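Worth knowing before you read on, the calculation uses all heavy atoms, side chains too, and leaves out hydrogens, waters and symmetry mates. Indexing begins at 1, ligand by ligand and atom by atom, following the structure's order. Because the structure is a prediction, the values reported are computed rather than measured.
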Amino acid sequence: MPALEVVHAACPHDCPDTCAIAVTVDGAGPNRRAIKVEGDAGHMDTAGFLCAKVSKYLERVYDPKRLQYPMRRVGEKGAGRFARISWDEAIAEIADRWKALIAKYGPQCILPYSYAGTMGLVQGQGLDRRFFHRMGASLLARTICATAGAAGYKATIGASIGIEARHFAEAKLILIWGSNPVTSNVHLWRYILEAKRRGARVITIDPYRTRTAAASDEHLAVIPGTDAALALGLMRVIVDEGLYDSDYVARYTLGFEALRERLQAYPPAEVAPVVGLDVETIVRLARMYAQTQPAAIRINYGLQRHAGGGMAVRTIACLPALVGAWRHPAGGILLSTSGTFPLNYAALERPDWIPPGTRTINMTRLGEALTNRDEQGRPAGLDPPVMALYVYNSNPAAIAPDQCQVLAGLRREDLFTVVHEQFLTDTTDYADIVLPATTQLEHMDVVKPYGHLSLMFNEPAIPPLGESRSNSEVFRQLAQAMGYTDPELQASDEDLIRAILDVRHPWMEGITFERLRAEGYVRLNVPTPFAPFAEGGFFTPSGKCEFYSETLARQGIDPLPTYIPPRENVLSNQALAARYPLALISPPAHNFLNSTFVNQDSLRRVEKEPLVVLHPADAAPRAITDGCLVRVFNDRGAFCVRAQVSDRIRRGVAYAPGIWWAKLSPDGRNVNAVTGQALTDLGAGATFYDVLVDVEPLRTPLQKA
Ligand SMILES: Nc1nc2c(c(=O)[nH]1)N[C@H]1C(S)=C(S)[C@@H](COP(=O)(O)OP(=O)(O)OC[C@H]3O[C@@H](n4cnc5c(=O)[nH]c(N)nc54)[C@H](O)[C@@H]3O)O[C@H]1N2
Ligand SMILES: Nc1nc2c(c(=O)[nH]1)N[C@H]1C(S)=C(S)[C@@H](COP(=O)(O)OP(=O)(O)OC[C@H]3O[C@@H](n4cnc5c(=O)[nH]c(N)nc54)[C@H](O)[C@@H]3O)O[C@H]1N2
Ligand code: SF4
Ligand SMILES: [Mo]
């Protein structure tokens with residue numbers, strides 16, 4: 001019997017933690033099997049444990065429902081009926097259809113659609129980018145998650161760089177702001193618990209009493225989308241009471257006087273009703289924040305899924321400089337660490353191949369792009385129209401906003417849709433051709449985390465299951481079939497990793513392919529302890545923390561922090577609120593990762609079924625009782641779920657954790673039936689949590705859509 005072998009892997013999921021995984025494998029050749037996945041104890045930040053989801057990764061890899069061979073549609077679109085075909089047939093058919101469409105409409109009629117099914121750089125943004133750039137296909141703006149916050153953070157700080165996760169353990173005050181680390185960043189939570197043990201105070205700002213909020217010292221249940229107003233109110237108190245760090249402000253910030261002026265518009269008494277907290281709480285929080293050092297803020301993407309999401313992140317990101325929190329490694333703010341990695345994306349993706357003038361389609365507006373109609377039904381004027389869609393690393397039929405319009409687009413008979421997937425998802429149901437994809441155990445990759453500072457190597461542990469192929473392998477074959485002879489389109493996965501690492505930067509010194517592969521993960525050569533802005537050195541044009549941003553001014557955007565109310569909110573849109581009085585948010589479920597894992601029986605059993613949580617005071621007048629089936633609706637659509645009546649949610653807000661597969665939901669629709677395609681102020685991002693709805697008990701028998 002051959003000895004067991006342990007292989008270095010890295011979690012591919014869209015989660016800040018990017019855990020180091022040790023995979024135990026048994027056997028050799030085609031019979032090689034993975035028999036255990038566990039956290040790699042050698043990695044400091046991920047600490048040898050995996051979350052509830054990925055500790056069950058082998059169930060996913062060996063799930064009998066895994067796609068094993070290519071298929072062609074035999075039923076109508078949406079029915080999900082397919083017949084097996086060979087890879088040769090599949091690739092030839094795709095290339096023939098694309099060539100014919102390109103001849104008639106030009107290459108921009110082809111739209112790639114992908115997001116973060118895998119965060120691996122090779123399988124997520126390597127040959128796919130090269131291939132579609134070479135083709136001249138429409139570009140996709142990948143805005144569905146984080147662009148608003150990234151743009152807002154950039155305006156203030158200059159780059160996605162912040163407190164290193166491990167330093168949270170040394171903070172004395174931690175604000176967890178629009179973030180639920182117990183669920184979505186559990187390895188940071190470990191450091192926060194350590195800080196708590198050492199006496200830190202932890203305050204969570206969230207409309208819902210999440211697991212994180214419940215385990216915090218204090219929970220402030222704000223009204224969704226109002227965080228910028230809260231941050232401005234806090235700054236007003238800090239400045240009025242002279243609690244700011246005048247030395248840090250003078251040396252390392254830009255625009256303090258203009259900010260001081262702006263704060264005149266945000267006295268706590270006016271902020272309080274907007275954010276739904278009382279004046280005393282705002283004043284107390286401001287004093288505590290300014291007077292407790294080091295103070296760490298963890299913001300995440302939850303609070304930027306609103307009309308003013310970019311400005312909200314920009315505004316909150318001003319706080320640490322105002323009080324000089326950055327002086328200490330455990331002081332400051334963390335949104336994402338991704339800007340700390342100076343990788344060679346240009347070599348990986350070859351943006352220089354994009355034909356000049358190529359259009360960009362915003363993935364958040366997929367419904368509009370596929371139907372060539374805007375949300376009001378007017379012609380959207382896309383010329384050429386989108387005639388072919390190639391989906392990989394994403395499940396847009398479940399995760400994209402304005403589901404009714406997305407599905408109307410996917411149902412088009414004249415749209416040629418290819419979906420490369422591990423499972424038969426909501427999206428594959430609309431595919432003309434389905435291709436089987438490998439999982440993380442079956443392909444090579446390097447993953448760049450956004451919650452810590454190590455680059456992670458993923459060694460293939462087992463051969464591909466059935467006939468499944470990795471994303472990069474499929475693009476190599478498509479390139480051949482399309483007659484694209486560029487050697488760059490036949491690059492191996494190893495070549496691609498070497499291209500990414502080909503940079504000269506002190507933080508990357510000594511980080512080679514060989515070393516990554518041998519060690520499994522390597523921390524960037526950043527100074528230790530990492531206190532990036534202790535003495536200024538921000539990545540903004542001025543090198544300072546920019547309270548005033550000339551860059552924004554030049555784009556015609558307010559150069560100062562400001563509060564942009566949600567589009568759909570009881571104060572800012574009273575006409576709509578009269579018909580749909582409840583603000584709906586749909587953050588991550590604990591046991592799913594976006595729509596991934598919803599079809600994994602053991603995890604779905606824990607989540608039980610899709611639900612909406614309502615406050616007792618909102619449920620009672622609607623005759624909604626705990627456990628009854630309800631219909632959640634607005635002008636865009638409706639979906640049916642079970643109601644949970646609980647004071648965990650603040651009054652006036654409904655909470656529907658996502659992202660269930662529509663076909664595994666009571667009426668064949670999920671929460672994205674009511675979300676919209678409107679974009680954020682900065683970064684053109686999605687506004688998933690900027691939604692008004694009403695909820696009613698289900699009166700008619702359920703019907704599957
Ligand atoms: N278990 C699990 N982990 C995940 C995911 C998952 O689906 N499941 N998804 C992954 C992905 S793709 C991402 S982007 C991250 C997201 O991670 P987070 O950004 O942490 O995710 P959200 O849950 O969207 O937002 C966090 C909290 O913000 C609250 N919130 C919503 N709107 C507002 C607001 O306006 N103001 C304030 N203060 N709070 C608000 C929500 O109630 C939620 O508890 O998580 C990743 N990790
Ligand atoms: N209502 C609402 N909607 C939301 C959100 C919300 O909070 N509320 N969150 C939004 C956010 S933050 C995000 S990031 C998006 C996430 O949206 P997506 O990035 O689409 O994420 P998933 O739903 O996890 O779907 C990823 C798919 O990729 C597949 N996949 C995994 N690995 C591979 C691979 O190697 N190759 C191929 N070809 N496929 C692979 C998986 O099987 C899975 O079906 O959803 C957004 N939608
Ligand atoms: S999903 Fe996040 S916490 Fe879970 S194993 Fe992956 S990186 Fe770690
Ligand atoms: Mo996300």
Side-chain angles (χ1 to χ4, degrees), residues 12-17 51-53 60 67 113-118 120 123-124 142 144-146 149 176-186 204-213 220-227 230 275 298-306 309 312 335 364 391-396 398-401 403 419-423 425-428 435-440 442-443 445 450 468-471 474 566 583-599 649 653 655-659 661 670-672 674-675 686 688-691:
H13 291 296
D14 188 351
C15 164
D17 300 31
C51 64
K53 310 171 291 287
R60 180 171 180 87
L67 285 167
Y113 192 96
S114 74
Y115 200 64
T118 165
Q123 305 303 340
R142 291 177 170 82
I144 203 96
C145 172
I176 303 178
W177 199 330
S179 169
N180 180 12
V182 174
T183 284
S184 59
N185 191 188
V186 65
T204 293
I205 304 172
D206 193 309
Y208 184 69
R209 193 161 74 245
T210 57
R211 293 171 195 237
T212 303
L220 304 178
V222 290
I223 295 171
T226 64
D227 302 274
L230 177 58
V275 303
R298 168 59 170 161
I299 42 169
N300 207 347
Y301 293 105
L303 64 77
Q304 50 99 66
R305 306 191 203 290
H306 300 274
L335 173 63
T364 298
V391 181
Y392 57 107
N393 292 347
S394 187
N395 185 11
I399 63 89
Q403 192 161 70
V419 183
H420 188 196
E421 248 301 347
Q422 295 163 345
F423 291 96
T425 63
D426 285 343
T427 306
T428 55
L435 304 173
T438 43
T439 68
Q440 188 75 342
E442 299 149 61
H443 52 233
D445 220 324
Y450 59 102
S468 63
R469 289 181 183 171
S470 70
N471 294 347
V474 174
L584 176 75
I585 56 174
S586 49
H590 193 74
N591 294 284
F592 302 148
L593 203 128
N594 301 323
S595 78
T596 301
F597 299 117
V598 177
N599 64 329
I649 189 67
V653 185
Y655 179 91
I659 306 171
W661 286 19
N670 73 9
V671 60
N672 282 318
V674 297
T675 58
F688 285 111
Y689 304 167
D690 191 338
V691 177

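Close to ligand 2: Arg60, with a non-hydrogen atom less than 4.0 angstrom away. Ligand 2 has no atom lying under 4.0 Å from any heavy atom of Gln123. Residue contacts with ligand 2 do not include Leu435, since none of its heavy atoms lies under 4.0 Å from the ligand.
Each of the atoms 37 (C), 38 (N), 39 (N) of ligand 2 lies under 4.0 Å from some heavy atom of His420. Atom numbering of ligand 2 starts at 1 in the shown order; those under 4.0 Å from a heavy atom of Ala437 are 36 (N), 37 (C), 38 (N). Listed by number with element, the atoms of ligand 2 under 4.0 angstrom from any heavy atom of Tyr392 are 38 (N). Distances below 4.0 Å separate heavy atoms of Asn672 from the following atoms of ligand 2: 1 (N), 2 (C), 3 (N). Taking a cut-off of under 4.0 Å to the non-hydrogen atoms of Asn395, the atoms of ligand 2 that pass are 20 (O), 25 (O). Close approach to Val671 involves these atoms of ligand 2, each under 4.0 Å from a residue heavy atom: 1 (N). Each of the atoms 35 (O) of ligand 2 lies under 4.0 Å from some heavy atom of His443.
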Working for side-chain contact (heavy atoms from CB on, under 4.5 Å), residues Thr364 and Ile144: CA-CA 5 Å; Thr364 298; Ile144 203 96; 4.2 Å; yes
Hey, mind stepping through Trp661 and Asn395 against side-chain contact (heavy atoms from CB on, under 4.5 Å) and telling me if it holds? CA-CA 9 Å; Trp661 286 19; Asn395 185 11; 3.9 Å; yes
Under the side-chain hydrogen bond (donor to acceptor under 3.5 Å, both in side chains) criterion, do Asn180 and Thr212 qualify, and how do the steps go? CA-CA 6 Å; Asn180 180 12; Thr212 303; 2.5 Å; yes
If you look at each N/O of ligand 1, which protein N/O atoms lie under 3.5 Å away, and at what distance?
residue: ligand 1; atom: 1 (N); partner: Lys53; partner atom: NZ; Å: 3.2
residue: ligand 1; atom: 1 (N); partner: Thr183; partner atom: O; Å: 3.0
residue: ligand 1; atom: 1 (N); partner: Ala589; partner atom: O; Å: 3.2
residue: ligand 1; atom: 1 (N); partner: His590; partner atom: O; Å: 3.2
residue: ligand 1; atom: 1 (N); partner: Phe592; partner atom: O; Å: 3.3
residue: ligand 1; atom: 3 (N); partner: Thr183; partner atom: O; Å: 3.4
residue: ligand 1; atom: 7 (O); partner: Asn594; partner atom: N; Å: 2.7
residue: ligand 1; atom: 8 (N); partner: Ala589; partner atom: O; Å: 3.1
residue: ligand 1; atom: 8 (N); partner: Phe592; partner atom: O; Å: 2.6
residue: ligand 1; atom: 9 (N); partner: Asn594; partner atom: OD1; Å: 3.4
residue: ligand 1; atom: 17 (O); partner: Ser184; partner atom: OG; Å: 3.4
residue: ligand 1; atom: 17 (O); partner: Asn300; partner atom: ND2; Å: 3.2
residue: ligand 1; atom: 19 (O); partner: Asn300; partner atom: OD1; Å: 3.4
residue: ligand 1; atom: 19 (O); partner: Asn300; partner atom: ND2; Å: 3.4
residue: ligand 1; atom: 19 (O); partner: Tyr301; partner atom: N; Å: 2.7
residue: ligand 1; atom: 19 (O); partner: Gly302; partner atom: N; Å: 2.9
residue: ligand 1; atom: 20 (O); partner: Asn180; partner atom: N; Å: 3.3
residue: ligand 1; atom: 20 (O); partner: Ser184; partner atom: OG; Å: 3.0
residue: ligand 1; atom: 20 (O); partner: Asn300; partner atom: ND2; Å: 3.0
residue: ligand 1; atom: 24 (O); partner: Tyr689; partner atom: OH; Å: 2.7
residue: ligand 1; atom: 32 (N); partner: His306; partner atom: NE2; Å: 3.4
residue: ligand 1; atom: 35 (O); partner: Gly225; partner atom: N; Å: 2.7
residue: ligand 1; atom: 35 (O); partner: Asp227; partner atom: OD2; Å: 3.3
residue: ligand 1; atom: 35 (O); partner: His306; partner atom: NE2; Å: 2.7
residue: ligand 1; atom: 36 (N); partner: Asp227; partner atom: OD1; Å: 3.3
residue: ligand 1; atom: 36 (N); partner: Asp227; partner atom: OD2; Å: 2.7
residue: ligand 1; atom: 38 (N); partner: Ile205; partner atom: O; Å: 3.0
residue: ligand 1; atom: 38 (N); partner: Asp227; partner atom: OD1; Å: 2.8
residue: ligand 1; atom: 42 (O); partner: Asp206; partner atom: OD1; Å: 2.7
residue: ligand 1; atom: 42 (O); partner: Asp206; partner atom: OD2; Å: 3.4
residue: ligand 1; atom: 44 (O); partner: Asp206; partner atom: OD2; Å: 2.5

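Residues Asn185 and Asn300 have side chains that never bring a donor and an acceptor to within less than 3.5 angstrom of each other. The closest side-chain donor-acceptor pair between Thr204 and Arg209, if any, does not fall under 3.5 angstrom. With hydrogens and angles left out, the side-chain atoms of Asn670 and Gln403 include a donor and acceptor closer than 3.5 Å.
Residue contacts with ligand 2: Gln422 is placed with a nitrogen or oxygen under 3.5 Å of a nitrogen or oxygen of the ligand (distance criterion only).
Relative orientation of the Tyr689 and His306 rings is perpendicular, given thresholds of 30° and 60° on the angle between their planes.
Asp227 places a side-chain heavy atom less than 4.5 Å from the side chain of Val222. Counting heavy atoms from C-beta outward, Tyr115 and Asp14 have side chains that approach closer than 4.5 Å.
Taken from CD1 in Ile205 to CH2 in Trp177, the straight-line distance is 4.5 Å, to the nearest 0.5 Å. Rounded to the nearest 0.5 Å, atoms NE2 (His420) and OG1 (Thr427) are 14.0 Å apart. Between atom CD1 of residue Ile659 and atom CZ of residue Phe597 there is a gap of 13.0 Å, rounded to the nearest 0.5 Å.
The parts of Asn393 lying near ligand 2 are both backbone and side chain, judged by heavy-atom distances below 4.0 Å.
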